[in-house]
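Order of the sequence lines fixes the chain letters, A, B, ..., with proteins taken first and strands second; residue numbering starts at 1 for each chain.
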Amino acid sequence: MHNKTIADISRDLAAGEYSSVEITENLLTRIKNTDAHYNSFITVSEEQALAQAKAADARRAAGNADAWTGIPMAHKDIFCTNGVLTTCGSKMLSNFIAPYDATIVENFNNAGAVSLGKLNMDEFAMGSSNESSFYGAVKNPWDGERVPGGSSGGSAAAVAAQLVPGATASDTGGSIRQPAAFCGLTGLKPTYGRVSRWGMIAYASSLDQAGTITRTAEDSAMMLNVMAGFDAKDSTCVDREVPDYTATLNNSIAGLTIGLPKEYFRSDLSADMQQQVRNAIAEYEKMGAKVKEISLPNTHLAIPAYYIIAPAECSANLSRMDGVRFGYRCENPQDINDLYKRSRGEGFGIEVKRRIMVGAYALSAGFYDAYYKKAQQVRRLIRNDFVNAFNEVDIIMGPTTPTPAFKRGEKTADPVDMYLEDIFTIALNLAGLPGMSISCGQVNNLPVGLQLIGNYFDEGRLLNAAHQFQQHTDWHLKTPDLKNQADI
Amino acid sequence: MEWEVVIGLEIHAQLATKSKIFSGSSTAYGAEANTQANAIDLGLPGVLPAFNEEALRMAVKFGLAIDAEIGLKSVFDRKNYFYPDSPKGYQTTQLHHPVVGIGHIDIELEDGSSKRINVTRAHLEEDAGKSVHEGFNGMSGIDLNRAGTPLIEIVSEPEMRNAKEAAAYFRKMHSIVTYLGICDGDLSQGSMRCDCNVSLRPKGQEEFGTRTEIKNVNSFRNVERAIDSEIARQMDILEDGGKIIQETRLYDADKNETRAMRSKEVANDYRYFPCPDLLPVIIDDNYVEAVRSTLPELPDAKRARFAHSHGLSPIDAAVLAANRELAHYFETAAKIANDYKLAANWVQGDVSATLNRLEISIGELAVSAEQLGRILQLIKDNTLNNGGAKEVFNALVEGKGDGSAESVDKLVDSLGLKQVSDSGAIEAIVAEVLAANPKLVESYLATPEDKRAKAIGPFIGLVRKAAKGVNPQVVMDVLQKKLSEL
C-alpha cells in the first residue's frame with residue numbers, strides 16, 4: 001500500500017480497493033516502525049489523521065468524494081496547522097501551536113486530504129542539508145550517512161521512504177528542488193505568487209514559495225491543483241486563473257525548444273553528473289524536442305545577491321520571535337533586554353543567527369546602498385537574463401545540483417561551501433520563476449536531478465515535460481532499498 | 001545675544017478607519033486589553049498584512065486638503081526596532097515614497113495676520129500597542145488593541161518661530177483632519193500626538209542650531225508650554241556658553257519642564273528596507289480626482305465665507321470656522337434666524353461659555369442649533385428680550401426641552417417670558433412706579449438735562465422689576481415721555 005502514488009491511491013479509493021482509514025493506519029504504523037531511522041517527522045498527528053480519514057470515508061460513502069478525498073499526505077513544519085504544533089524546525093517555536101491553518105493546509109483539508117503530521121526541515125528553512133533542525137538531522141533513505149538535502153529534507157525523506165505519497169514543501173533558494181534531486185523524487189517550486197504564503201512562516205518573503213515533493217509529475221499536478229490560486233490574505237499572491245494541471249500532462253512535447261544554459265554545464269561539474277543530465281536531454285530529443293544552447297550571463301551573481309537579500313529579509317521576519325508573546329522564552333529574564341537577548345540567543349541555532357547578523361549588517365546605515373540596493377539591482381539583471389532566454393526557448397534545463405547527496409557533516413564547517421549547493425536553483429527564486437527537479441539518472445547509486453525551468457506561470461508546461469519524461473523512462477520509479485531500514 | 005527659535009512639528013493622527021491598516025481588527029478605543037488584536041496584530045508566525053485601502057483614501061484626502069503633491073506610487077518600508085509593544089519587531093511605515101508629498105497650510109497669528117507653514121510630507125504607518133507599567137508586580141503589561149491602527153505622520157518644515165505659532169499650527173492641523181472626518185481629533189485618547197523639534201540659533205545665522213525633540217505632547221496648551229520651557233532651557237545653556245545635546249526629551253506638564261529620555265533609546269539604526277509582504281501602492285489621477293470630489297468645505301474657505309458673505313469680523317470668522325461641528329451649529333442657527341452676527345454673538349457668548357463651564361463638546365449640548373435659531377428668531381421679532389432669551393437658553397441647557405424648536409415656544413409661555421410691548425399696559429406700570437417713588441422723581445427732576453439719560457436708569461430697573469418681560473425700548477420711550485410731562 002505504501003508504494004502507491006497519489007494518483008494510484010485516488011483511483012484505489014474510488015474503486016473501493018481500500019478505505020482512507022485503512023491506508024492512513026497503514027502509513028501511521030509504517031511511520032511508527034521506521035521513521036526513527038529517517039527522522040523525517042517532527043510531529044505525527046495520528047488522532048487528527050484518523051478523524052480526517054474517517055470523515056473522508058464518510059464523504060465517499062455519501063457520494064461526495066473528489067479526487068483528493070481520503071488521500072494521506074503530510075506538511076512541511078513551516079506551514080501553520082490549527083491546533084497542531086508548528087515548529088519550523090526551531091527550538092524557538094518548539095511550543096508554538098498556531099490558532100489558524102496556512103491557506104494551503106486549509107485547501108488540502110477542504111479537498112478531503114488526510115494530514116499525517118508535520119515534517120522535519122532546516123531551522124526556519126535555512127540550510128541545504130537538513131542538519132540545522134532543532135529536531136535533529138534527517139537521513140537520506142538512499143544512504144543513511146548522507147543528507148536528504150534541505151531545507152525540505154523531511155518532506156523528501158518521508159516520500160522517498162514511502163511514509164507518505166506526497167508532501168508539501170517550500171523553496172526559497174532550492175529547498176524543494178535540491179532535496180527532491182537528492183532523494184530521487186519530483187519537486188515543484190511554482191511561480192512566485194501562484195500559491196498563497198499565508199500561514200507559511202516567512203524566511204525571505206520575496207523569495208519563499210510553497211510547492212510539492214512527490215514521486216511523479218502527475219502527483220505534483222494533482223497537488224498543485226489544490227494549492228494554487230488567489231488568496232486575499234497574501235498581497236503578493238497573484239489573481240490569475242488556475243488551469244487543471246493534470247489536463248495537459250499528456251500533451252505532445254514534439255517541437256518543444258529546450259534551452260541549455262552554458263553556465264550550468266561548467267567544467268567543474270563532474271563528468272558523471274554532466275553525462276546523466278545530457279542523457280536526459282537526449283531522451284527529450286528522442287521525444288521530438290529541440291535543443292538550443294543559451295546564456296544566462298549573470299548566473300555567477302545569483303548566490304552573492306541571494307545571500308544579501310534573503311538574510312536581510314529574514315533579519316526582519318524573525319524579529320517577531322522575541323520571547324514576548326509566543327514561542328521560547330529564557331528562564332528568569334532580568335529585564336526586557338535580557339529577555340530578548342537570551343530568548344533569541346538560546347532559541348535560535350547557529351545558522352539562523354548567522355543569517356540574521358548578515359542581514360542586519362547589510363541593512364545597516366551606510367551599508368544599505370552597497371549591499372541591499374546593489375543586490376536588488378543584480379536581481380533585476382538575473383531576471384532579465386531569463387526573460388531574454390524565454391524569448392528564444394520554451395523551457396530551460398540543466399542539473400539541479402552540482403553533486404549528488406553529500407555526507408552529513410561534510411559541508412557544515414564551511415557555510416559558503418554549503419551555500420554553493422544552491423548554485424543552479426537560487427536564480428529562479430530571485431527571478432520568481434517556476435522550476436522542477438525530476439530524477440534523471442544515478443551516480444554511485446545516488447539519484448541525480450534534472451532541473452526544468454519554466455516561464456512565469458508556465459507550470460502546466462513544466463509538468464507536461466516532466467510527465468512525458470516519466471512516461472518514457474523509469475528513473476522516477478527507482479526506490480532506495482528500504483528493506484533493511486524497515487527492520488528497526 | 002539675540003536668539004531665533006526654530007520649530008518643526010511631527011504630528012501623528014490616527015485615521016478614523018473602522019478596521020486596522022493591515023488587519024480586520026476593530027480600531028475602536030477603550031475595549032478590554034488585547035480583545036481587538038488578531039493574529040496579524042499579534043505578529044504571530046506565518047501571518048501577512050493586507051492593506052486597508054480606506055486608510056489610503058483618507059491620506060490622499062488629507063494631501064489634497066493641504067494642497068500637497070500626491071504620491072501616485074507609495075511604498076511601505078519596515079522600520080526595525082525591538083520593543084514589547086511593537087509585535088513584529090518592526091513598524092510598517094513609508095520612508096522614501098510617502099503617500100503625501102510637499103504641501104502647506106496657513107496659520108492665523110494673534111495680530112490677525114496669517115503665515116504659511118510648509119509641510120514636508122505625510123506618510124502612512126501603523127501605530128504601536130501600549131505598554132502598561134502599573135499593576136503587574138514590577139513587570140509590564142502589553143495591550144495590543146492599538147497596534148496596527150492606521151496613522152498619518154505629518155512632518156512640517158522647521159518654519160515656526162515661537163511656541164504660539166507651533167500651537168496654532170497644531171490647532172490648524174487638528175481643524176483640518178477633523179473637518180475631513182479622517183481623524184476624530186480626540187487628543188485625550190491619543191488620536192493626535194505631536195513631537196516638537198526645537199532649536200535656537202543666533203539671529204541672522206543661516207545654519208540651524210542643534211535640536212531636541214519633545215516626544216508625544218498631547219494638547220494644544222502643552223505644545224505651547226513644552227516648547228516655551230524647552231526654549232528657556234536651551235537659552236540658559238547657550239547663554240552660559242554651553243552646547244545643546246541632540247536628544248529626545250519628554251515634557252512633564254506638572255513640573256512644566258522637559259527632561260531627557262534615556263540616550264539608548266535615541267541611538268537607533270532602524271535598518272529600513274521595503275516591506276516584501278506589501279506591494280507598492282499605485283494610484284492614478286482618476287483616483288485622486290474621485291477623492292477630491294469628496295472634499296468638504298475646509299476651515300479656510302469657511303472662514304473666508306463667514307467673513308465676506310456674512311460680515312463677521314476676521315476673528316469671529318476664524319473662531320467659528322475652526323471647529324467643524326461648532327461651525328455647523330452656528331450656521332444652522334444663523335440661517336434659521338437669518339442673522340449671522342446675532343448668531344455669532346450667541347455662539348461665542350452663551351454657547352461657548354456653557355460648553356466651557358460644563359466641559360462638553362457642541363455635540364453634547366442640550367440646546368440644538370434649531371432651538372437656538374428659534375430663540376434668535378424670537379429675539380428678532382421682539383417676543384423675547386435678551387434676559388428672557390438667556391433664561392430660555394439656560395432652561396434648555398438644564399434639559400427642559402426636547403430638542404425641537406416648538407419646545408422653545410412652550411418654554412417661553414410656561415416661564416412667562418413673552419415680552420410686553422403694548423405701550424398702554426406699560427404706561428400703566430410706569431405711572432404706578434412714578435407714583436410709588438416720589439423722591440426718585442424729585443431727584444430726577446433736579447438733575448440737569450444733559451445728565452438725565454443716566455438718571456433714568458433706576459426707573460427702568462423698577463419697571464422691569466414690577467413687570468417681567470417688558471420691552472426695554474418701549475419702557476424707555478414711555479418713561480421719557482411721562483417724565484418729560486411732569
Side-chain angles (χ1 to χ4, degrees), chain A residues 78-80 86 88 90 92-93 96 98-103 124 196-202 204-208 231-237 309 312-313 315-327 333 336-337 339-340 344 359-368 372-373 376, chain B residues 21-24 34 37-53 76-92 95-96 129 131 133 138-144 147 262 264-265 267-281:
Chain A
I78 198 169
F79 296 106
C80 290
T86 300
C88 223
S90 181
M92 185 56 92
L93 295 181
F96 177 65
Y100 44 86
D101 280 323
T103 295
F124 286 109
S196 171
R197 293 189 296 116
W198 170 264
M200 178 169 75
I201 296 174
S205 312
S206 74
L207 303 164
D208 297 341
D231 179 8
K233 288 190 282 193
D234 173 5
S235 308
T236 62
C237 197
I309 293 167
E313 292 183 10
S315 74
N317 282 334
L318 270 57
S319 292
R320 65 189 62 197
M321 320 287 169
D322 58 4
V324 174
R325 299 166 316 288
F326 57 85
I336 186 64
N337 284 328
L339 182 145
Y340 284 148
R344 288 168 65 80
Y361 180 81
L363 290 175
S364 57
F367 296 104
Y368 180 88
Y372 189 80
K373 198 172 165 193
Q376 291 290 14
Chain B
I21 187 167
F22 299 122
S23 91
N34 296 309
N38 67 13
I40 296 172
D41 309 315
L42 289 167
L44 294 187
V47 304
L48 294 168
F51 181 46
N52 178 352
E53 283 177 28
F76 285 107
D77 297 283
R78 291 181 180 179
K79 177 182 180 180
N80 294 286
Y81 65 96
F82 283 98
Y83 203 70
D85 58 25
S86 169
K88 300 185 297 298
Y90 56 81
Q91 179 193 30
T92 308
L95 179 65
H96 293 300
S131 295
H133 302 296
M139 295 186 284
S140 295
I142 297 160
D143 177 3
L144 294 176
R262 282 189 302 152
K264 254 189 182 174
E265 292 173 55
N268 229 331
D269 179 353
Y270 292 117
R271 305 191 310 277
Y272 286 96
F273 75 105
C275 180
D277 286 331
L278 291 161
L279 302 174
V281 180

> What option among Leu44(B), Leu144(B), Asn80(B) has the most heavy-atom pairs under 4.5 Å with chain A?
Replying inline: Leu44(B)
>> Could you report the tightest heavy-atom contact between Asp277(B) and Thr236(A), atom names first, then the distance?
In response: O-CG2, 4.0 Å
> Between Ile309(A) and Pro276(B), is any pair of side-chain heavy atoms under 4.5 Å apart?
Replying inline: no
> Which bit of Ala98(A) comes within less than 4.5 Å of chain B, counting heavy atoms only: side chain, backbone, both or neither?
Replying inline: neither
> Looking only at heavy atoms, what is the nearest atom pair of Leu48(B) and Trp198(A), with distance?
Replying inline: N-CZ3, 3.2 Å
> Any sub-3.5 Å donor-acceptor pair from Arg320(A)'s side-chain atoms to Pro87(B)'s backbone N or O?
Replying inline: no
> So what's closer than 4.5 Å to chain B heavy atoms on Leu318(A): side chain, backbone, both or neither?
Replying inline: neither
> How far apart are the closest heavy atoms of Ala50(B) and Ser235(A), and which atoms are they?
Replying inline: CA-OG, 3.9 Å
>> For Ala362(A), which atoms come within 4.5 Å of any heavy atom of chain B: side chain, backbone, both, or neither?
In response: neither
> Between Pro84(B) and Ile336(A), which heavy-atom pair has the shortest distance, and what is it?
Replying inline: CG-CD1, 3.5 Å
> Closest heavy-atom contact between Leu93(A) and Pro45(B)?
Replying inline: CD2-CG, 4.1 Å
> Just checking, is any N or O donor in the side chain of Arg271(B) or Tyr368(A) under 3.5 Å from an acceptor N or O on the other one?
Replying inline: no
>> So does Ala365(A) get a backbone contact from the side chain of Asp269(B), meaning a donor-acceptor N/O pair under 3.5 Å?
In response: yes
> Are side-chain heavy atoms of Asn34(B) and Arg325(A) found at a separation under 4.5 Å?
Replying inline: no
> Highest number of heavy-atom pairs under 4.5 Å with chain B: which of Lys373(A), Gln376(A), Arg344(A)?
Replying inline: Arg344(A)
>> With chain B as the partner, which of Ala360(A), Cys80(A), Cys88(A) has the greatest number of non-hydrogen pairs under 4.5 Å?
In response: Ala360(A)
> To the nearest 0.5 Å, what is the distance between CZ (Phe326(A)) and CG (Leu42(B))?
Replying inline: 9.0 Å
>> So for Phe79(A), is it side chain, backbone, both, or neither that comes closer than 4.5 Å to the heavy atoms of chain B?
In response: neither
> Sub-3.5 Å donor-acceptor pair from the side chain of Tyr340(A) to the main-chain atoms of Tyr83(B), do we have one?
Replying inline: yes
>> At a 4.5 Å cut-off on heavy atoms, which part of Ala102(A) comes close to chain B: side chain, backbone, both, or neither?
In response: neither
>> Rounded to the nearest 0.5 Å, what separates atom CG in Leu278(B) from atom OG in Ser205(A)?
In response: 9.5 Å
> Can you say whether the rings of Phe273(B) and Tyr372(A) are parallel (under 30°), tilted (30 to 60°) or perpendicular (over 60°)?
Replying inline: perpendicular
> Nearest 0.5 Å, what's the OH-CG distance between Tyr90(B) and Asn317(A)?
Replying inline: 5.5 Å
>> Which heavy atom of Ala316(A) sits nearest to which heavy atom of Arg78(B), and what is that distance?
In response: CB-NH1, 3.5 Å
